[in-house]
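This one's a predicted model, so the numbers in the text were calculated from it and none came from an experiment. Protein chains get the first letters and strands the later ones, always in sequence-line order, with residue 1 at the start of each.
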There are 2 protein chains.
Amino acid sequence: MFISIDFNSDEALYMQLRNQIIVGIATEMLKEGETLPSVRQLADNIGINMHTVNKAYSVLRQEGFVKLDRRKGAVVSLDIDKLKAIDEMTKDMRVVIAKAICKDISKEEAHMVIDSIYAEYGID
Amino acid sequence: MFISIDFNSDEALYMQLRNQIIVGIATEMLKEGETLPSVRQLADNIGINMHTVNKAYSVLRQEGFVKLDRRKGAVVSLDIDKLKAIDEMTKDMRVVIAKAICKDISKEEAHMVIDSIYAEYGID
DNA sequence: TGATTGTTATAGTATATGTATAACAGAAAG
DNA sequence: CTTTCTGTTATACATATACTATAACAATCA
């Protein structure tokens with residue numbers, strides 16, 4: 001697996017998990033229709049509790065990244081509502097951009113940051 | 001004051017405070033050299049505890065937005081290290097962009113989101 | 001002197017996080 | 001049918017974080 005958990009991080013374990021799975025989907029290491037490890041399996045693999053993995057999966061389902069199936073487990077399934085996604089992205093970025101402006105980062109420089117991250121994920 | 005706290009939010013009070021002050025600086029409602037209300041005064045004004053405001057101020061100082069002076073109080077004072085700021089911005093945006101890619105948001109659309117937020121803050 | 005500043009200390013409550021067990025219903029495979 | 005695997009749910013406990021409540025301190029300034 002591509003998951004690596006930092007137990008010393010101040011970020012909650014289930015959020016680290018959720019974030020890395022989202023990055024996994026973005027980079028196409030995880031593709032639509034693919035099945036994630038079962039909560040017990042992944043928990044055992046990482047060395048954390050089942051419920052922590054379950055919470056990450058629940059969040060991912062609620063955010064429209066996976067569907068949970070009692071027989072198959074967690075399946076990557078993207079629920080795409082673009083207007084909603086853009087609205088959410090705007091909310092997520094407001095404080096980040098405010099910080100940037102305080103630190104004298106121009107709109108053009110912000111664009112460059114965006115581009116570099118898209119490039120990290122293999123998009124140019 | 002321009003501060004409005006949502007007690008039903010899942011976001012910590014001191015983080016709401018910290019975020020709104022950063023936005024205040026970005027929009028130039030708060031300018032370099034200006035003094036923020038004292039921790040007791042602002043706490044009283046909002047209806048929260050002194051320590052909560054103090055924590056917000058401490059975070060803002062640690063992040064280089066204000067300096068704390070025993071006589072004057074908290075003074076807006078931007079410590080600008082652009083390389084560090086860009087690095088931090090990149091970190092803040094990684095998961096946001098991963099989410100965006102999953103939701104089929106293109107680089108160009110991300111640029112537009114950036115631009116709209118800069119516009120919100122009066123920059124075009 | 002008296003009021004105000006940030007700072008520090010202590011203590012209590014509430015919530016969030018993570019763990020530990022356990023059990024359940026549905027589905028798949030033997 | 002039995003076994004084994006899913007996600008799901010329930011309970012309980014420990015720990016950390018967030019927030020509040022008082023209180024006191026040194027430094028500053030009117």
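Note: NZ (B/Lys72) to P (C/dT5) measures 15 Å, nearest angstrom. Between A/Phe7 atom CZ and D/dT15 atom P there is a gap of 17 Å when expressed in whole angstrom units. The distance between atom NZ of B/Lys55 and atom P of C/dT7, rounded to the nearest whole Å, is 15 Å. Taking atom CD of A/Gln16 as the reference point, atom P of C/dT17 lies 13 Å away to the nearest angstrom. B/Ile5 places its CD1 atom 14 Å from the C1' atom of D/dA18, with the value rounded to the nearest Å. In this structure, B/His51 atom NE2 and C/dA11 atom P are separated by 14 Å, rounded to whole Å. Spacing between atom CG of B/Leu17 and atom C1' of D/dC19 amounts to 13 Å, rounded to whole angstrom units. Between A/Asp44 atom CG and C/dT19 atom C1' the separation is 14 Å, expressed in whole Å.
When distances are taken from the side chain of A/Tyr57 to each of C/dG6, D/dG7, D/dT28, the shortest belongs to D/dG7. Among the nucleotides C/dG6, D/dA21, C/dG18, the one closest to the side chain of B/Leu68 is C/dG6. Out of C/dT19, D/dA21, C/dA27, the shortest distance to the side chain of A/Arg71 is found at C/dA27. With C/dT7, D/dT20, C/dT19 as the choices, the nucleotide that has an atom nearest any side-chain atom of A/Ile48 turns out to be C/dT19.
No salt bridge links B/Glu88 with A/Lys103; every basic N to acidic carboxylate O contact stays at or beyond 4.0 Å.
Each of B/Met50 and A/Tyr14 lies near DNA chain C, and the nucleotide nearest B/Met50 is the one positioned closer to the 5' end. Ranked by how close their nearest DNA chain D nucleotide is to the 5' end, B/Glu11 and A/Ser58 are led by A/Ser58.
Note on A/Asn54: a side-chain N or O is less than 4.0 Å away from OP1 or OP2 of D/dT8. Phosphate proximity of D/dC5 to A/Gln41: absent, as no side-chain N or O sits under 4.0 Å from OP1 or OP2. OP1 or OP2 of C/dT5 has at least one side-chain nitrogen or oxygen of B/Ser38 nearer than 4.0 Å. In this model, the phosphate group of C/dT19 is approached by a side-chain N or O of A/Thr52 to a distance below 4.0 Å at OP1 or OP2.
The environment of B/Asp124 atom CG is sparse: at most 12 non-hydrogen atoms of other residues, nucleotides or ligands sit within 6.0 angstrom.
Within the 3.5 Å criterion, the main-chain N or O of A/Leu60 finds no donor-acceptor partner in the side chain of A/Glu63.
Side-chain atoms of A/Arg40 and base atoms of D/dG7 include a donor and an acceptor less than 3.5 Å apart.
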Derivation of the side-chain contact (heavy atoms from CB on, under 4.5 Å) call for A/Tyr57 and A/Leu36: CA-CA 9 Å; A/Tyr57 281 10; A/Leu36 295 174; 3.4 Å; yes

Check against salt bridge (Lys or Arg N to Asp or Glu O under 4.0 Å), B/Asp87 and B/Lys91: CA-CA 6 Å; B/Asp87 194 60; B/Lys91 287 201 183 78; 2.8 Å; yes

